[in-house]
There are 2 protein chains.
Amino acid sequence: MSRMIPLDNLEPTERSERKDAAANRALILETAETLFAERGAANVKMADIAQAAGVGKGTLYRRFANKAELALALMDTQMRDFQEAMLGRMRQQSAQGMLKLDQLDQFLDALVYFVDRHNPLLCVVQAEGLLDGVGESDYQRPHFWQHMTVVGLLNEAMAAGELPDDLDTIYIADALLAALHASLFRFQREGRGFSLERISAGLRRLVRGLRCGE
Amino acid sequence: MSRMIPLDNLEPTERSERKDAAANRALILETAETLFAERGAANVKMADIAQAAGVGKGTLYRRFANKAELALALMDTQMRDFQEAMLGRMRQQSAQGMLKLDQLDQFLDALVYFVDRHNPLLCVVQAEGLLDGVGESDYQRPHFWQHMTVVGLLNEAMAAGELPDDLDTIYIADALLAALHASLFRFQREGRGFSLERISAGLRRLVRGLRCGE
DNA sequence: TATTAAAGTGGACTTAAGTCCGCTTGTTGT
DNA sequence: ACAACAAGCGGACTTAAGTCCACTTTAATA
């Protein structure tokens, strides 16, 4: 019997990962997680991970093009969880009639705590792609849905009359999220001694300034 | 005759650079500038620079610990010029009684154009120190006087009653400058297609929101 | 089950950053 | 002028990222 190909999808229909490969991926992730936890992500070499996992470097790099991608994969579950939790909460808040700007406040506050908890891995993730071509820099993937979310809330707030209607929401979302980049965040926490509350309040103060009737 | 040592400064009194060393420093800078201009800073290897300058790698690294430091040295003059021009202008504006917030507006606008003009080198400069210890990351040197300036203007605006007196000016300066980091800036320009005017306006809109009587 | 092509694998190899150290040269004090 | 020593120098060496490719394994099909 010939292999089934959906009639409405004659595209490559890429086969899913072979199961030995999937096993190795999982093994690599576990190993990396352990090593990162033991020595700190910055002190772990790709070769260490390969050796500890008992695989060759070729295998490691076939799955993860670099440490940033590996770190991102390690955070994947937690990012999804956070994302889902936020979307769920926002849906509920909207149903209860909470103002969009208040939702944005809470979103940003939650994000501050998220960035704090995952700061070491986020630093690794964001260390990539600062010199390369533009399209694939770190401003694409990890921040993408956050950006979407902030823009969405700002636009809704604008539509609801909570904000003046001439705001450049895309730019503002960029600026707000830039203030939460892992390396700056770390500097603020460790170098400047800022508390999470201070960062959250400072960021939300910027949003508050955008409101109508100022 | 014994070497003069100021009586009020018995510290090491480090000798100034030897003149052959100074000549090499200049040679390296010229060479690097040429190569950067020819191929783009990202495509120039440290070894290339050493070879083109006709010096060993040891010599190169003795002067500049890495490409970021070298790039920073290349920008040094222009940064000083910009800084002096800004300080001069601000002094004049203050003498004329211009509001501090308007001065801040103009400063940020000028900074947008500065970051645009020097974006390639700034990307190299900022590519360093994102994983290392906190104290010496790029949030220290290149941004330091900019941060000082913004904090100063904000504080003066606050003292003059142009801003409410409960603002976290240090945090706000961090956030505003974060929005001008070279890699984000480049993404906004090339990836998002933002104009300089749009970036400047967006940034200044955030400042405007902080004003009194909103 | 046998065939076979694509996917997966390991580790040698390449590239580039950055360090080290024995030799050279400029500077200072006599 | 010259001795002595610190600063400067070059390039071999080390470290780590990332690529390549000949060989092996899986799984779809006949």
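Proteins come first, then strands; the chains are lettered A, B, ... in the order of their sequence lines, and each starts at number 1.
- Counting to the nearest Å, the C1' atom of D:dA28 and the CZ atom of A:Arg18 are 12 Å from each other.
- Using a 4.0 Å heavy-atom cutoff across all strands shown, A:Arg63 reaches sugar-phosphate atoms only and no base atom.
- The CD atom of A:Glu17 sits 11 Å away from the P atom of D:dA27 (whole-angstrom rounding).
- Here the nucleotide nearest the side chain of A:Lys45, chosen from D:dC9, D:dA16, C:dG26, is D:dA16.
- If you check C:dT9, C:dG10, D:dA6 against the side chain of A:Val55, the one that comes closest is C:dG10.
- One atom, OH of B:Tyr61, and another, P of C:dC20, lie 13 Å apart when rounded to the nearest Å.
- No side-chain donor from either of A:Glu156 and A:Gln103 sits under 3.5 Å from a side-chain acceptor of the other.
- Look at CG on B:Asn43: it is 14 Å from C1' on C:dA16, rounded to the nearest Å.
- Between the CZ atom of B:Arg62 and the P atom of D:dA7 there is a distance of 9 Å, given to the nearest Å.
- Counting heavy atoms from C-beta outward, B:Ile170 and A:Arg198 have side chains that approach closer than 4.5 Å.
- When the P atom of C:dT15 is taken as reference, atom CG of B:Asp48 falls 13 Å away, rounded to whole Å.
- What separates CG of A:Leu60 from C1' of D:dG18 is a distance of 10 Å, to the nearest Å.
- Counting atom types as modelled, B:Lys57 pairs a side-chain N or O with a base atom of C:dG18 as donor and acceptor under 3.5 Å.
- For A:Thr59 and C:dG8, the shortest distance from a side-chain N or O to OP1 or OP2 is not below 4.0 Å.
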